2 protein chains.
Amino acid sequence: MTHPEKLSIKQIRYFEAIADSGSFRRAADRLGVAQPTLTVQIAALEKSLNVSLFERQRSGVILTPIGRELLPRARRIAEELRGFSEQARDISGGSTYRMGVTRTLGPYLLPRVLPQLHKKFENLRLYVRESTPAQLGTELKSAVHDVVMTTLPLQGDELEIAPLFREPVKLAVPLEHALAQKRSVTGADLIGESVLTINEQHLYHKQVSDLCESLGATVNHDFEGTSLDTLRQMVVMGMGISFLPALYVASEIGDSGTPKITDVDGVTMSRDHALAWRRRSPHRVTFRQLADAIKEVVKADLTEEVTLI
Amino acid sequence: MTHPEKLSIKQIRYFEAIADSGSFRRAADRLGVAQPTLTVQIAALEKSLNVSLFERQRSGVILTPIGRELLPRARRIAEELRGFSEQARDISGGSTYRMGVTRTLGPYLLPRVLPQLHKKFENLRLYVRESTPAQLGTELKSAVHDVVMTTLPLQGDELEIAPLFREPVKLAVPLEHALAQKRSVTGADLIGESVLTINEQHLYHKQVSDLCESLGATVNHDFEGTSLDTLRQMVVMGMGISFLPALYVASEIGDSGTPKITDVDGVTMSRDHALAWRRRSPHRVTFRQLADAIKEVVKADLTEEVTLI
DNA sequence: GGCAGGTGATAGCATTAATCTATCACATTT
DNA sequence: AAATGTGATAGATTAATGCTATCACCTGCC
């Protein structure tokens, strides 16, 4: 007999309005509908619920005891519906996007660009999670993230990839190391050197391995860092030399002088970073705008460290 | 752009079902509707809210960030609607009725009949309020009470009045009083006696006044009780004699012997009580049944004190 | 490269629901 | 008795929902 599917939002609004007005006619005037509309709809509501909500009198209507008990519930439903619409209105200017980032870039770039981004996107909210570049691509395709900031290469016809900038890598040398005393370092100086890096599951490991191979240096497999911070500490402690990304250097080392930071003459190693999202994402326009905005911030503030591409 | 009136309960249910299924087709199968129905309704919902709720893919759909944020709200609305229907279902077996009672009857009758009434009306809930018979009639007409139990007479074409029973009045005499020693008391014994009663706004006062006038006794205007209890205390303290209703006597005095309780030979004073409600009340069938049930309890348990009418 | 299959979208038609105008039924007030 | 005010009813109109059939697109397989 009671059938939830037969309820309608208008019936609930009519119930509320009549209870407030104490009269079908007055409620109809207020709502801008014809009085028989209310009569028919309330009768339908009463029938579907199998209760009487109002006692009809010549001078209007009064709530029955049942009507009195159900009215607060009707009000709550009306309130929840208002909240639904209002939240949608609030959100349509921006939602909470899930952003995946690499741990070798995210923590050192986002603090540099987010303040400026918030000036441009007032409602931007990001839920940032770290992952490896290999996993970030898969996770983006399967919607674990809405958008990712990662190191190229990244594959996927279904993805939209917006290149951001090229980040060079610096050589980090212990202060007591012979190379620290040299005015300039060349590739030949690295032959035979043992180079520390972070562990194998990171793209960064592969990039350093390839560089070492081309230079005649060797990758230290006995000691591997789990993050750029631990890598730096190992260098400071004299366990070997290492390569560190420029943004990390700018963010965490700066002018401290520890370890010694230098370029390698005639050798260029760098990493290209990009923002990526699914082509069919309803937010793809926003993400395109976000990529453009990041590039503008980089152009304005970070050209000492990185290069736009 | 956002228009709450354009929302429908079905759209919200469809939103929830598609989010749970991850596919329009699968949700359509579950709901027993055609897939294009969902497409059209979700598109309408997205348009009215000015947001995208789902990202469409070949393999189904995934929630957008906005969709993720709004889904809990949709679930809450669905839950509130279920609660509304369920509460109506629960209530349709009985609601909380507001019952007005006289203070000279209600407190001494209801404890005697309610246990039996609850066996018959499992969902009966009463919110009992005391008032004077004069006010109870007015208050019933203006829906302050849903139903009243009061002392006759009661006027009102718009009311339905179900007589319940006739309650005699007993003479209460201080133990030290001369009348307390008499084996039986007649009307002539009361000539010139000062009779205590409760104050004038009560119908009880008028009934005792009329009786005194016919017997040649006088009403004591110097001392008036505010309730039957205070009246009894005044009698116990020797301030005069008084008349007390039989149900009060049975309930509050019993066999205590204090004060002395007796009949007056050849004199019958009693009060008729009734249950009354508005003729047009949607609960009038229930109230008629309630009146019948009260009379049955009275017939079974209270015939030593009162008489059915 | 072509075909099959799976998804959501679109179009047109049918059905159902909501709403309106006009009027009725009833009770109270003048 | 007539006027007035309320909610109820009937029939016509309008709006909304849902269906069937088909299209558009994309992926995977041969």
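Just so you know, these numbers come straight off a predicted model, no measurement behind them. The figures that follow rest on heavy atoms only: side chains count, while hydrogens, waters and symmetry mates do not. Letters go in sequence order (proteins before strands), and every chain restarts at 1.
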side-chain N/O [X] vs [N] OP1/OP2, d < 4.0 Å:
X	N	result
B:R58	D:dC25	no
A:S59	D:dG5	no
A:R56	D:dT6	no
B:K6	D:dA16	no
A:T39	D:dA8	yes

* **Candidate list A:E139, A:M99, A:Q135, test side-chain contact (heavy atoms from CB on, under 4.5 Å), partner A:H145, passing option** =>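 For A:H145, the side-chain contact (heavy atoms from CB on, under 4.5 Å) check succeeds only for A:E139.
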* **Sole residue of B:T37, B:V61, B:D29 in side-chain contact (heavy atoms from CB on, under 4.5 Å) with B:F24** =>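 Among the candidates, only B:V61 passes.
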Given atom [atom1] of [X] and atom [atom2] of [N], what is their separation to the nearest angstrom?
X	N	atom1	atom2	value
B:R13	D:dT17	CZ	C1'	16 Å
A:F24	D:dT6	CZ	C1'	10 Å
A:F54	D:dA8	CZ	C1'	15 Å
B:E55	D:dC25	CD	C1'	15 Å
A:L38	D:dA8	CG	C1'	13 Å
A:Q35	C:dA22	CD	P	14 Å
A:Y14	D:dA8	OH	P	15 Å
B:R279	C:dA27	CZ	C1'	13 Å

* Earlier contact from the 5' end, DNA chain D, for A:R280 and B:V40 ->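 The residue closer to the strand's 5' end, by nearest nucleotide, is B:V40.
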* Has the side chain of B:K295 got a donor or acceptor atom that lies under 3.5 Å from a matching backbone atom of B:I309? ->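 Indeed, once roles are kept as given, a pair shorter than 3.5 Å links the two residues.
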* Asked: Does the base of D:dG5 carry an N or O that pairs as donor and acceptor with the side chain of A:R26 under 3.5 Å?
  ->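 It does not, because no donor-acceptor pair links the side chain of A:R26 to the base of D:dG5 below 3.5 Å.
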* Asked: Taking for each residue the nucleotide of DNA chain C with the nearest heavy atom, is it A:R25 or B:E158 whose nucleotide lies nearer the 5' end?
  ->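 Comparing both residues, the 5'-ward one is A:R25.
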* To do: Look at atom CZ of A:R76 and say whether more than 12 heavy atoms of other residues, nucleotides or ligands are closer to it than 6.0 Å.
  =>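 Yes, enclosed.
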* Option among B:R13, B:R75, B:R26 that satisfies the salt bridge (Lys or Arg N to Asp or Glu O under 4.0 Å) test with B:D20 ->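 Only one option passes, and that is B:R75.
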